[in-house]
> 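This is the structure I have questions about; it appears just below.
Read the numbers this way: they start at 1 and go in the same order the structure lists the ligands and their atoms. Numbering starts at 1 and runs along the sequence shown. Keep in mind the model is a prediction, meaning the values are calculated, not measured.
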Amino acid sequence: ADLSTNIAGVPLPNVFFNASGVWCQHEHELQALLESQSGSLITKSATFEPREGNPSPRYLPIPNGSINSMGLPNEGYEYYLNYARKFDYSHTKPLFISLSGLSLADNVKMVEAFVAADLPCMLEINFSCPNVPGKPQLGYDIEAMDNALATLAPLVKKPFGIKLPPYFDIAHFDQVAGVCQKYDNLAFLTCVNSVGNGLAIDFETETALIKPKDGFGGLGGAMILNTALANVNAFHRRLPGKQVIGVGGVTSGKEAFLHILAGASAVQIGTQLKEEGPALFERLNKELSDIMMAKGYNSIEDFRGKVKTL
Ligand SMILES: O=C(O)c1[nH]c(=O)[nH]c(=O)c1Cl
């Protein structure tokens, strides 16, 4: 079956790529994604200055998923800007760049640098990092998010996307969609980031599993699939002129199929990629293709967004 798709008119040979943060902080990791069967690749969320991030242990697999409080470790935006300058855009797969400034001023400076470089890469601005102590995430402050978009959208000029946290209230889906609708070049929403500030505790040692923030960290993996599907579908229904990239709980072709049925135009993988490595993408392509063939679908558009209701 044909797993190709596009985001804001940019073609992807297949729907799958990494979730920002996983297998993408350093060039050798990005190279492994480039050589994998992924349909694209995205860099680790960049801050203006390089960051060590939070003390380890800061990521762990747990039953039905993972917990992380990485704390935005990254090489600083100039590292990823240089990577984007050197990137061979004749590749079949496009490059996405994630930016996660610690302030609007930092996001402005980073966006201006990327716009000045005038490169074909696509920006995904991260409004939803839950793990920087003392920095509440933009995605849960609707007014601050609107203000940030009012500043950033005109600067970016070309199509771009934002990475959103999960929402759990219909009124919040309505409010966030209302804000996003105002920005024509806001072309896609990536839903969802980790379910923020969960707590994993070891029964034997009676101790939190990860070190940062008293053990509080973002939850990912299978346990967040149904929250992710709801967010993908909520924004797919509310924003017909925009696209949604689905992420959360995809461990096989089956969950990818469900994300696309919910409305996703592409599918990112976080926890499962961290655990399985880039060979995962060959497996996912085969599994999704087999599912589509079994169901009589030839392309993504044959079933995207067509989840039925009772
Ligand atoms: O702690 C992190 O680096 C992190 N961890 C996440 O689960 N989502 C994010 O957006 C980020 Cl930026």
> Please determine whether any non-hydrogen atom of Gly270 lies less than 4.0 Å from an atom of ligand 1.
no
> List the closest protein heavy-atom neighbour of atom 11 (C) of ligand 1: residue, atom name, distance to the nearest 0.1 Å.
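Of the protein heavy atoms, Cys129 SG, 3.4 Å lies nearest.
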> Do any N/O atoms on Asn126 end up under 3.5 angstrom from N/O atoms on ligand 1?
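In this structure, Asn126 places an N or O atom under 3.5 Å from an N or O of ligand 1.
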> Please confirm whether Lys44 approaches ligand 1 to less than 4.0 Å, judged on its heavy atoms.
yes
> Can you classify the ring geometry of Phe87 versus His91 as parallel (below 30°), tilted (30 to 60°) or perpendicular (above 60°)?
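Because their plane-to-plane angle lies in the 30° to 60° range, the rings of Phe87 and His91 count as tilted.
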> Would you say the ring centers of Tyr140 and Phe127 fall short of 6.0 Å from each other?
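No: the rings miss the under 6.0 Å criterion.
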> Any nitrogen or oxygen of Leu72 lying under 3.5 Å from a nitrogen or oxygen in ligand 1? Just yes or no.
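N/O-N/O distance under 3.5 Å: yes.
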> Check whether NZ of the Lys or CZ of the Arg Lys242 lies under 6.0 Å from the centre of the six-membered ring of Phe235 and within 45 degrees of that ring's axis.
no
> Aromatic rings Phe173 and Tyr167: how do their planes relate, parallel, tilted or perpendicular, breaks at 30° and 60°?
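Rings of Phe173 and Tyr167: perpendicular, over 60°.
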> Just go through Asn74, Val132, Asn68 and tell me whose heavy atom is the nearest to atom 7 (O) of ligand 1.
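That would be Asn68.
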> Any idea which protein heavy atom is nearest atom 8 (N) of ligand 1, and the distance to it?
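For atom 8 (N) of ligand 1, the nearest protein heavy atom comes out as Asn193 OD1, 2.8 Å.
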> Between Cys24 and Leu33, which heavy-atom pair has the shortest distance, and what is it?
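For Cys24 and Leu33, the tightest heavy-atom pair comes out as CB-CD1, 4.4 Å.
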> Got an N/O contact under 3.5 Å between Ser69 and ligand 1?
no
